[in-house]
Every structure is written in C-alpha cells, then in structure tokens.
Amino acid sequence: MHKLILIGYMGVGKTTTAQLLALKLNKKWVDLDELIEKQTNLSISAIFEQKGEVYFRKLEHETFLQIIESDEQLIISTGGGTPCYANNHLLLNGVNTKSIYLKASIELIFERLNAGKTNRPLVARYSEEELKEFIAKNLFERSYFYNQATYTVNIESKSPEQLADEIIAVLQ
Ligand code: S3P
C-alpha cells in the first residue's frame, strides 16, 4: 500500500490519527489543509472569506490530486469535505490506495466542534442549536461519500493510540 487516506467529519481527529499512524508505520504524513495553506500562503478561513467556498473546493481537488499522483508512500489527512466534492471520492480506492472513514456520532461531533469552532469557516457563525442541526443534516448528506472508504472505524470512546492500533490491525 502506497497511500492511506483518512476521511471523516470535522473534529473526528483525522490529523492527529494520521500523524500517529505515520509514526507507527514509519511513513511520511501529509495534511491536505496544511498543504493548501502552505501553497497559497493563506489560512483556510482566509481562503473561504476572500475567495469563497467554490474556489476552495477547486483548490482542494487540485491539491488532493497532486498528493495522490505523487510517487511517495504517504499517510494523508484530508479536510472534512474532501471526499464530498469534485468526485474526489473516486480516488479513495485506487491502485495501492486505501482509505479509512473515521466515524463518529452527531453528539460527539457536536461536543468537539462546539468547544472550538472559530477557525472552522463552515460552522463558526452558528449558535449551539444551529450547530447541532447543521451537523445532523450535513453528516447525513455526506455519509454517502464517507461510506466509499475502503474501511470504516468507529472513533467513539477510543484514545488516539487505540484508534491508530485498530486501523493498523484493519489494514493487515
Ligand atoms: C471542511 C473541513 C475543514 C477544512 C474546511 C472545510 C469541511 O477540515 O477543510 O474548513 O467542509 O468539512 P477539518 O475536517 O480538518 O476541520
């Protein structure tokens, strides 16, 4: 396997888990949002604000392709919306590519996003009540794409360490 892609909703721990997996598997880790920020010299929030979501989704697709097409062995953390736009979901099970959907309940996602939503442009403006409703609807719409992953792992009540070990076991 040359590429392992982690997908899932905002707040499920894609970045932390990918970093840990890279350490444990001795592979290189790349974060899609971080690469976009480096290449544009803008934060994700600034891209949303200044150029809008459609521009971001195009950039996200191009950068995702760039990572997938590289020859390197990589553990990739994506943004929460990555598999849901521009047919990116078709790239989740390519030759030498496997993907993991980090699955969580609406309640757990709400708890985590409510605690720190300011730097998340999609949810920053919502009140608690609006946030819960947005997550429920958005997760429902996105589930079709998340379910295209090679494997699904539930993150509920697991430490990052346990989660990484479970993923490694699933990949065997
Ligand atoms: C988004 C999730 C974010 C980031 C952008 C859009 C989404 O990444 O890509 O704000 O559409 O769910 P995280 O899932 O790492 O927060």
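Order of appearance sets the numbers: ligands from 1, and atoms from 1 within every ligand.
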- Task: Give the residue, atom name and distance (to 0.1 Å) of the protein heavy atom nearest atom 12 (O) of ligand 1.
- Result: Arg142 NH1, 2.8 Å
- Query: Side chain or backbone of Glu53 under 4.0 Å from ligand 1, or both, or neither, by non-hydrogen atoms?
  - Reply: neither
- Task: Look only at interatomic distance and state if Gly80 has a nitrogen or oxygen under 3.5 Å from any nitrogen or oxygen of ligand 1.
- Result: yes
- Item | Result of checking Tyr151, Tyr146, Tyr9 against Tyr101 for ring-ring contact (aromatic ring centres under 6.0 Å, His included) | Tyr146
- Task: Identify, by atom number and element, the atoms of ligand 1 in contact range of Pro121, meaning under 4.0 Å from any of its heavy atoms.
- Result: 10 (O)
- Query: Which heavy-atom pair separates Thr78 from Lys14 by the least distance, and what is that distance?
  - Reply: O-CE, 3.0 Å
- Task: Classify the ring geometry between Phe56 and Phe48 as parallel (under 30°), tilted (30 to 60°) or perpendicular (over 60°).
- Result: tilted
- Shortest protein contact, atom 4 (C) of ligand 1 (heavy atom only): Asp33 OD2, 3.2 Å
- Do Gly11 and ligand 1 have an N or O pair less than 3.5 Å apart? no
- ligand 1 versus Leu122: contacting region, heavy-atom distance under 4.0 Å: side chain
- Message: Under 3.5 Å between any N/O of Thr15 and any N/O of ligand 1: does that happen in this structure?
- Response: no
- Who passes side chain to side chain donor-acceptor pair (under 3.5 Å) against Ser77, sequence neighbours left out? Trp29, Asp31
- Note on the structure: Tightest non-hydrogen contact, residues Asp71 and Lys3, listed as C-NZ, 4.4 Å
- Item | Heavy-atom nearest option to atom 6 (C) of ligand 1, drawn from Arg57, Arg120, Glu60 | Arg57
- Query: Taking the side chain as C-beta and beyond, is there a heavy-atom pair between Leu35 and Ile67 under 4.5 Å?
  - Reply: yes
- Message: Quiz question: by atom type and distance under 3.5 Å, do the side chains of Gln148 and Asn93 form a donor-acceptor pair?
- Response: no
- Task: Show which atoms of ligand 1 fall inside a sub-4.0 Å distance from at least one heavy-atom site of Ile44.
- Result: 5 (C), 10 (O)
- Query: At a 4.0 Å threshold, what atoms of ligand 1 neighbour a non-hydrogen atom of Phe56?
  - Reply: 9 (O)
- Which pairs pass salt bridge (charged side-chain N to carboxylate O under 4.0 Å, His left out) with one or both residues in residues 132-161, sequence neighbours excluded? Lys24-Glu161, Lys158-Glu166
